[in-house]
Amino acid sequence: MNVLVVGSGAREHAITWKLSQSPSVGQLYVAPGNAGTQAIARNIPIGSEDIPTLIDFVSSNQIDLTVVGPEAPLAMGIVDSFTDAGLLVFGPSMAAARMESSKAFAKTLMADCSVPTAASETFADYEDARAFLDTCPLPIVVKADGLAAGKGVTVAQTREQAQEAIRASMLDRQFGDAGDSVVIEECMVGQEVSVFAFVDGDYISPMVAACDYKRVGDGDSGPNTGGMGSFSPPLPQHWNAEMESHVRANIMEPVVSGLLEMGCPYRGVLYLGMMLTSEGPKVLEFNCRLGDPETQVILPRLKSDLAEVMLATARGELHSTEIEWDDRACVGVVAASGGYPAAYCTGYPIKGITKVDYDAIVFHAGTKLLDGAVVSDGGRVLTVAAMGESLDEARNHAYEGIRHITFKDAFYRTDIASFEHSSS
């Protein structure tokens, strides 16, 4: 079958890489893609949010399945538009994608389904939100209700920081419409774990978990980013058969059933971000797609045919598809542009990619081809991921690989999967 992957990051490169290994995939396209996807597929210069042009391309090129990577087009209703056009697409509908596009919606659904999560209140009025802060114990978390490209969350240690967060969101409109409403919630403490499952409306696949590193610097220092690295599986004390069974019964199944009862069945990948608190696992957030950087360490562990899994999910036939995960570990380290997550420069030649040996995989994110050379084109530039019999072995392979790669002002964390620091 001919397949189109929508998106341009390391997540989409990892998806394309895995799909390219499937004997059932013929022509593989990526829109708009990056320098990495161009090496294994055909890049198409169409933006991921240009839904009408994407539909025209798919209709004109005998595309059998479209896989949507990023959250923004899902929140815009790309799946609904494709379905209305009679086109098969992997991803949730706009209504189901509200699990990510509206934190308030997700909180309401969790309350209705008795799913454990942080206590919270949602506000559409700035003065009401500001007054509520005076009643809250510190630290406190302030979240823009809508999609804010991973930048709409503030863990405030002081009331002044919390007030500045709601001002930036609601008055200064730093996140546009996404910040017109805010969710103010208690700050949970514990190990953070990302959990992923394929869902075809009612059937939930065997789950896989990972841990990511959001802070920019070693020791979890500095501001939050989109993610500076990850590893899978988590340590056994954080993710095991008992925990998986608990999460399935008390979180995943109630939420999937709740969406089905609302008339918006969930099809795609459901991503649960949870905190392992002293009171048990509680939900931090739901996302409506694969994570980044988690995808780069999850898909190398997938032993099943990703194309067949995604096709079955889109058709509502996932229950008859075998999904198997490799027991080995995978570690991914992100190389970023100097200054990220604040201002940074791009266009720098990237050297050493071909020196990375077979023990590691280079997934491109912010890259492009310029006069035949790969250059930087984003804040997070690439991820080097590697498998191993143990996390230590995988970590050693990943760092051995990333040390070959250089570009001006490049940096990466040196403590991914080292366990010298927390990974929350």
Side-chain angles (χ1 to χ4, degrees), residues 5-17 30-41 43-50 68-74 147-152 174-176 178 212-217 222-230 287 289-297 299 332-354 356 360-385 398 401-402 404-413 416:
V5 177
V6 176
S8 62
R11 167 182 49 221
E12 287 73 38
H13 186 190
I15 292 170
T16 305
W17 168 81
V30 189
N34 57 40
T37 61
Q38 191 160 328
I40 55 175
N43 282 359
I44 306 299
I46 305 173
S48 61
E49 298 175 27
D50 188 353
V68 185
E71 62 273 22
L74 291 169
L147 296 178
K151 299 181 176 117
Q174 196 172 95
F175 313 112
D212 74 327
Y213 292 70
K214 293 184 174 64
R215 299 281 185 174
V216 72
N224 274 336
T225 69
M228 293 298 295
S230 57
N287 290 335
R289 36 72 193 184
L290 281 163
D292 184 353
E294 294 98 334
T295 304
Q296 296 92 289
V297 298
L299 289 188
V333 183
V334 172
S337 298
Y340 175 79
Y344 55 84
C345 296
T346 61
Y348 298 132
I350 303 171
K351 300 178 181 179
I353 293 176
T354 57
V356 178
I361 315 155
V362 180
F363 292 122
H364 293 236
T367 68
K368 67 178 180 180
L369 286 177
L370 185 64
D371 298 327
V374 179
V375 301
S376 63
D377 193 40
R380 291 187 295 171
V381 178
L382 51 83
T383 302
V384 176
I402 204 167
H404 289 293
I405 297 175
T406 60
F407 56 93
K408 185 178 179 182
D409 298 330
F411 75 95
Y412 54 85
R413 283 184 60 156
I416 304 301

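In this chain, residues are counted from 1 in sequence order. What's counted below: heavy atoms across the whole structure, side chains too, no hydrogens, waters or symmetry copies.
- Annotation: side chain to side chain donor-acceptor pair (under 3.5 Å) contacts involving residues 336-351, sequence neighbours excluded, are absent.
- How far CZ of Phe407 is from CD1 of Ile353: 9.0 Å, rounded to the nearest 0.5 Å.
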His13/Val30 under side-chain contact (heavy atoms from CB on, under 4.5 Å): CA gap, chis, key distance, verdict: CA-CA 9 Å; His13 186 190; Val30 189; over 6 Å; no
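- For the atom pair Gln38 CD and Asn43 CG, the distance stands at 4.5 Å (nearest 0.5 Å).
- Applying the side chain to side chain donor-acceptor pair (under 3.5 Å) test to every pair with at least one member in residues 361-381, sequence neighbours left out, gives these pairs: His364-Thr367.
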Evaluation steps, side-chain contact (heavy atoms from CB on, under 4.5 Å), between Arg215 and Asn224: CA-CA 4 Å; Arg215 299 281 185 174; Asn224 274 336; 3.6 Å; yes
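- In this structure, the separation between CD on Glu294 and OG1 on Thr383 is 10.5 Å, given to the nearest 0.5 Å.
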Worked verdict on Thr37 versus Val5 for side-chain contact (heavy atoms from CB on, under 4.5 Å): CA-CA 10 Å; Thr37 61; Val5 177; over 6 Å; no
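- Using a 4.5 Å cut-off on side-chain heavy atoms (C-beta onward), Gln296 and Trp17 make no contact.
- For the pair Val374/Leu369, a side-chain contact is recorded, criterion being any heavy-atom separation below 4.5 Å from C-beta on.
- Contact detail for Pro73 and Glu49: the closest heavy-atom pair is CD-CG, 4.2 Å.
- To the nearest 0.5 Å, atom CD1 of residue Ile350 and atom CG of residue Leu370 are 11.0 Å apart.
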